[in-house]
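Okay, structure first, notes after.
Atoms within each ligand, like the ligands themselves, are counted from 1 in listed order. None of these values were measured; they are calculated from a predicted model. Heavy-atom basis, side chains included; hydrogens, waters and symmetry copies ignored. Along the sequence shown, residues are numbered consecutively beginning with 1.
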Amino acid sequence: MTELTLAPDDLALPFAIEGKQARGRIVRLGATAQRVIDGHGYRGDAARLAGEALTIVSLLGSALKFEGTLTLQTRGEGRARMVVADFATPGQVRSFVSVEENAEPDAPLLGDGSFALTIDPAEGQNRYQGIVELHGSLSEAALLYFQQSEQIPTKLKIAVGQVQSDGAPSWRAGGILLQRVAGEGGLQPAEANDDDWVRFGALLDTVGADELLDPTLAGEDLLYRLFNEDGVRVFEPQPIRFQCRCSAERVANVLDAYSVEELEDLKLPDGRIEAKCEFCGTVYPYERGA
Ligand SMILES: [Zn+2]
């Protein structure tokens, strides 16, 4: 029996294609994706949306140059009413999605709606929010965000799926983000060599979901496979893991703002009030003035 060697996992790996004004990050999520998806008991579409959202916030959040959080939130008219994921520096992620089980079977998954990215610096700077229209997938909305809000030419490839390991299938997610950057001497992305950029896009199109999800294929090796002729340089990986940031105190802060009438609606038959964290399922008992 051959032992498969597992590649470094649950990380974001920044890279640059030297001299070609392109840089990006590759994200691999193994135990982290499984923990979030399985923890919620998500299957099918809900599992895939949660994995995709986790990958997007990991790709974007790992680029933050300051302490803070990055949040993705959608609202739509499709079966998936809401998708939320966030990334807190240096590498904590979580997600929850709300998919209607009883919707019309041919209703679109996300439908028309909005896709918001919010960046909340821990201190100092102002909160920033960019909102774009949601039409297709989360990846398409993320690309639209880059086009409209940041005006950076961007390419994105994401995969979510189940991979057999130790006899049991487990969820994995992965993605590559590639961006045009201003070169030395202040050369603008638009002035950069388009042939290279078009070719990089074509190379990225060749990446299969199996490669993005393969637990034995290191991110570095996948990047080398794609861009070795152009001189790809890989930087220090950033670990990513599931970690909820909820607490009894935060829950109390929210519920303290509720009116007596609103609290009345939350009461259980025995008069107690409980609040459940949507991200991790922890239930917090609450008492006014406690
Ligand atoms: Zn929580």
Side-chain angles (χ1 to χ4, degrees), residues 9-12 27-62 64 66-76 80-101 114-123 127 129 138 160 170-173 175 238-258 262-263 265-268 270 272-290:
D9 218 356
D10 295 302
L11 50 82
V27 160
R28 319 296 304 267
L29 301 176
T32 301
Q34 173 65 12
R35 169 66 184 79
V36 172
I37 293 170
D38 201 42
H40 286 288
Y42 293 151
R43 287 173 295 146
D45 289 335
R48 275 183 287 275
L49 280 178
E52 203 176 337
L54 285 172
T55 307
I56 292 172
V57 296
S58 300
L59 285 168
L60 304 185
S62 57
L64 290 177
F66 45 81
E67 277 182 44
T69 59
L70 178 141
T71 306
L72 175 165
Q73 180 156 9
T74 72
R75 285 184 189 280
R81 289 296 155 97
M82 182 157 65
V83 177
V84 184
D86 66 16
F87 176 103
T89 53
Q92 303 173 359
V93 292
R94 53 184 192 167
S95 173
F96 80 85
V97 306
S98 152
V99 177
E100 291 230 354
E101 301 285 342
S114 62
F115 173 99
L117 281 176
T118 310
I119 295 168
D120 250 317
E123 53 191 39
R127 186 168 188 260
Q129 186 172 60
L138 294 182
V160 181
S170 66
W171 286 97
R172 293 186 59 81
Q238 294 168 251
I240 293 173
R241 65 192 171 98
F242 165 76
Q243 176 78 55
C244 199
R245 305 194 307 283
C246 65
S247 67
E249 193 188 347
R250 279 172 192 241
V251 166
N253 280 341
V254 172
L255 293 180
D256 282 347
Y258 279 42
E262 284 169 328
L263 278 184
D265 290 340
L266 295 178
K267 278 190 177 165
L268 297 168
D270 63 7
R272 287 180 302 121
I273 295 172
E274 287 181 346
K276 183 176 159 191
C277 172
E278 301 257 33
F279 287 105
C280 70
T282 304
V283 174
Y284 295 98
Y286 172 80
E287 260 183 82
R288 170 118 317 164

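Annotation for Glu262: atom CD counts as buried by contact number, over 12 foreign heavy atoms lying within 6.0 Å. Surrounding CD of Glu67 are at most 12 heavy atoms belonging to other residues, nucleotides or ligands under 6.0 Å away. Around atom CZ of Arg245, more than 12 heavy atoms belonging to other residues, nucleotides or ligands sit under 6.0 Å away.
Protein contacts to the Zn ion (ligand 1) involving N, O or S atoms at a distance below 2.8 Å are Cys244 SG, Cys246 SG, Cys277 SG, Cys280 SG.
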Please report the C-alpha distance between Arg94 and Val36 in whole Å, then the side-chain angles of each, then the deciding distance to 0.1 Å, and finally whether the side-chain contact (heavy atoms from CB on, under 4.5 Å) criterion is met.
CA-CA 7 Å; Arg94 53 184 192 167; Val36 172; 5.5 Å; no
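Between the Arg35 side chain and the Gln243 main chain, no donor and acceptor come within less than 3.5 Å of each other.
Of the candidates Ile56, Thr74, Val99, Val83 forms a side-chain contact (heavy atoms from CB on, under 4.5 Å) with just one, namely Thr74.
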